[in-house]
Each structure stands twice: as C-alpha cells, then as structure tokens.
Asks: 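Take a look at this one; I'll ask things after.
Predicted, not measured: the structure shown is a model, and the values here were computed from it. Counting begins at 1 with the first residue of the sequence.
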Amino acid sequence: MTGTENEEADSVEDPAVIEIKTHVKDAFSIFDHENNNTVDLREVGTIIRSLGCFPTEGELNDMIAEVEEDEPTGYVRYERFEPMMVRVLMDKTRYRPETEERIVQAFQVLDKDNKGYLTQEELQKYMTTEGEAFTSEEMEEMLSAAVDPDKNIIYYKDFAPLMLLEEP
C-alpha cells in the first residue's frame, strides 16, 4: 500500500462513528437556536440526556468543563462538543440508565423494615438529604407519580418501571 492509500484508509470512518456523529449533530442542532454551531451551556445536560446518557450532576459538570471555552462565554461550540460526545457514546458502559432490578434494589436499601413500600416522608428525606439532593420541584414531580393515592405510600416495585427510559 502506498502512503496515499494508507491515508485514504485511515480517513474512512467506521459506520458506527458516522451514525453517532449524525445523532450528536441532530441533538445539538435542536438547541442551536442561532444556527451558529453553538448552544447555551445550560442546555448541554439536556442534549446529553437526549442521547441516552445519564451522568450524575458531578459527571455532567466534568463533561461541561471539558467542552467549555477557556474563557467561558456561556455557550458551547459544536466542534468542542462532538469529540467528547462521540467518545462517551462509543463507551457503551458509562452513563447508561439503570435497570428496573437495580432501581428496586436501591429502594430496598432504603426500606430498612422490608415493608415493600416507603412513606412519602421517608422518600422525601432520602431524596433531599442524601447523595445528589433532589430539588423541591423534582421531588414534587416524583411524588406525584410515585405515591399510591389510596394509601399515601410508595410501592416501589410498582413505581420502578415508571422510572425506566423508554426505548425509541
């Protein structure tokens, strides 16, 4: 193979990478309101989650720091976002949503008496004081979906499936 043929072979992208880049560009474009290949920094988490990645807030902050300009402008350029996002999406093991079984296990850890349910007060205490605390709006949204209206408790085995990401 000649040098030119090697360069051509190296420049041919894997179809999987091309598909990922297309998804990244499509998601980014939705939030590029000025059509100038930039998005508001505050939209980056939404874009990342729309691509099926669910980092913690700490991980999201690290991702944002990686793509942010050296002199912060409040915007992220596509040229900086794409390489990071392609790398993240190529790693099929990171930032994936949890399974129903793992969600139930997490609730069972909180259910110290093994009752099969949590009270609103218990769930609210755990979700607003432990780990990455929920905001009051997030907590309100969760409780509105989770609480059994008749008994005023959360049967977490019934609630866990509602927390799953719906596959397209």
Asks: Quick one: closest heavy-atom pair of Val39 and Val44, and the distance?
Replies: CG2-CG2, 4.3 Å
Asks: Which value, rounded to the nearest 0.5 Å, describes the distance between Lys157 atom NZ and Gln108 atom CD?
Replies: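 These two atoms lie 5.5 Å from each other.
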Asks: Answer yes or no: is there a side-chain heavy-atom contact under 4.5 Å between His33 and Asp40?
Replies: no
Asks: In the structure I gave you, are the side-chain heavy atoms of Ile153 and Val147 within less than 4.5 Å of one another anywhere?
Replies: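 SC-SC contact between Ile153 and Val147 ruled out.
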Asks: Any salt bridge (Lys or Arg N to Asp or Glu O under 4.0 Å) pairs touching residues 142-155, not counting sequence neighbours?
Replies: none
Asks: Please round to the nearest 0.5 Å and tell me the distance separating atom CE of Met63 and atom OG1 of Thr56.
Replies: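 Going from the CE atom of Met63 to the OG1 atom of Thr56 covers 9.5 Å.
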Asks: State, yes or no, whether a side-chain contact exists between Leu143 and Ile154 at a heavy-atom distance under 4.5 Å.
Replies: yes
Asks: For a side-chain contact (heavy atoms from CB on, under 4.5 Å) check, start with the C-alpha distance between Arg94 and Val88, then their side-chain angles and the critical distance, and finish with the verdict.
Replies: CA-CA 7 Å; Arg94 291 190 71 191; Val88 165; 5.9 Å; no
Asks: Would you say Phe54 and Ile20 are hydrophobically clustered, going by side-chain heavy atoms of ILVMFWY under 4.5 Å?
Replies: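 Per the 4.5 Å side-chain linkage, Phe54 and Ile20 are not co-clustered.
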Asks: Could you tell me whether Glu138 atom CD has more than 12 heavy atoms of other residues or ligands within 6.0 Å of it?
Replies: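 Enclosed.
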Asks: State, with a plain yes or no, whether a side-chain heavy atom of Phe81 is found less than 4.5 Å away from one of Thr38.
Replies: no
Asks: Go through the steps for Phe28 and Tyr78 under the test ring-ring contact (aromatic ring centres under 6.0 Å, His included), then give the verdict.
Replies: CA-CA 7 Å; Phe28 192 92; Tyr78 182 73; 5.0 Å; yes
Asks: Can you tell me how far CD of Glu98 sits from CE of Met163, rounded to the nearest 0.5 angstrom?
Replies: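 Result: 9.5 Å between the selected atoms.
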Asks: With sequence neighbours excluded, what pairs up with Glu66 under the salt bridge (Lys or Arg N to Asp or Glu O under 4.0 Å) test?
Replies: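 Arg87.
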Asks: Ion pair present between Arg77 and Glu69, side-chain N to carboxylate O less than 4.0 angstrom?
Replies: yes
Asks: Using side-chain heavy atoms (C-beta onward) and a distance below 4.5 Å, is Thr119 in contact with Glu122?
Replies: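 Sidechains of Glu122 and Thr119: in contact.
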Asks: Donor-acceptor pair, distance only, cut-off 3.5 Å: does the side chain of Asp32 make one with the backbone of Asn37?
Replies: yes
Asks: Report the distance from atom NZ of Lys21 to atom CG of Asp26, rounding to the nearest 0.5 Å.
Replies: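 The NZ atom of Lys21 sits 14.0 Å away from the CG atom of Asp26.
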Asks: Kindly give the heavy-atom pair with the smallest separation between Ile47 and Ala27, and that separation in Å.
Replies: CG2-CB, 4.0 Å
Asks: When you measure from the centre of the six-membered ring of Tyr117, is the NZ or CZ of Lys115 closer than 6.0 Å and no more than 45° off the axis?
Replies: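 The answer is yes, since Lys115 meets both limits relative to Tyr117.
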Asks: Do other residues, nucleotides or ligands put more than 12 heavy atoms under 6.0 Å from Glu79 CD?
Replies: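 Yes - once you tally the heavy atoms of other residues, nucleotides and ligands closer than 6.0 Å, there are more than 12.
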Asks: Would you say that Val104 contacts Glu101 through its side chain, given a criterion of any heavy-atom pair below 4.5 Å between the two side chains?
Replies: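 The answer is no, as the side chains (C-beta and beyond) never meet within the 4.5 Å cut-off.
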Asks: Quick one: closest heavy-atom pair of Leu51 and His23, and the distance?
Replies: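 Here Leu51 and His23 meet closest at CD2-O, 3.6 Å.
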Asks: Taking side chain as C-beta onward, heavy atoms only, is Thr99 less than 4.5 Å from Arg102?
Replies: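 Sidechains of Arg102 and Thr99: in contact.
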Asks: Grouping I, L, V, M, F, W and Y whenever their side-chain heavy atoms are under 4.5 Å apart, do Tyr155 and Met139 come out in a common cluster?
Replies: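 Shared cluster, no.
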Asks: List for me each residue that meets salt bridge (Lys or Arg N to Asp or Glu O under 4.0 Å) alongside Glu59, sequence neighbours excluded, and say none if there are none.
Replies: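 Listed in chain order: nothing, the list is empty.
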Asks: Ignoring hydrogens, what is the shortest heavy-atom contact between Met85 and Cys53? Give both atom names and the distance.
Replies: CE-SG, 3.7 Å
Asks: When rounded to the nearest 0.5 angstrom, what is the spacing between CD1 in Ile103 and CG in Leu162?
Replies: 9.5 Å
Asks: Grab the two heavy atoms, one from Glu100 and one from Ala160, that are nearest each other, plus how far apart they are.
Replies: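 Closest heavy-atom pair between Glu100 and Ala160: CG-CB, 4.1 Å.
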Asks: Going by ring-ring contact (aromatic ring centres under 6.0 Å, His included), name the residues that satisfy it together with Phe107, two or more places apart in sequence or in a different chain.
Replies: Tyr156
Asks: Atom CZ in Phe31, atom OG1 in Thr46: separation rounded to 0.5 Å?
Replies: 5.5 Å
Asks: Can you list every ring pair (Phe, Tyr, Trp, His ring centres under 6.0 Å) pair that touches residues 57-77, not counting sequence neighbours?
Replies: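 Matches after skipping sequence neighbours: none remain.
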Asks: Answer yes or no: are there more than 12 heavy-atom neighbours, outside Glu132 itself, under 6.0 Å from its atom CD?
Replies: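 Correct, the count exceeds 12.
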Asks: Taking the side chain as every heavy atom from C-beta outward, state whether Ile64 and Leu60 have any atom pair closer than 4.5 Å.
Replies: yes
Asks: Strictly below 4.0 Å, N to O, side chains only: are Arg42 and Glu68 in salt-bridge contact?
Replies: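 Looking at Glu68 together with Arg42, the answer is no, because their closest N to O distance does not fall below 4.0 Å.
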Asks: Under 4.5 Å between side-chain heavy atoms, hopping through other hydrophobics if needed: is there a path connecting Val67 to Met90?
Replies: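 Yes, same cluster.
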Asks: How would you list all residue pairs meeting ring pair (Phe, Tyr, Trp, His ring centres under 6.0 Å) that involve residues 120-142, not counting sequence neighbours?
Replies: none
Asks: Using side-chain contact (heavy atoms from CB on, under 4.5 Å), reason through Glu43 and Val76 one step at a time and then give a plain yes or no.
Replies: CA-CA 9 Å; Glu43 303 285 7; Val76 172; over 6 Å; no
Asks: What do you reckon, is CD of Glu141 surrounded by more than 12 foreign heavy atoms closer than 6.0 Å?
Replies: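 Count not over threshold, so no.
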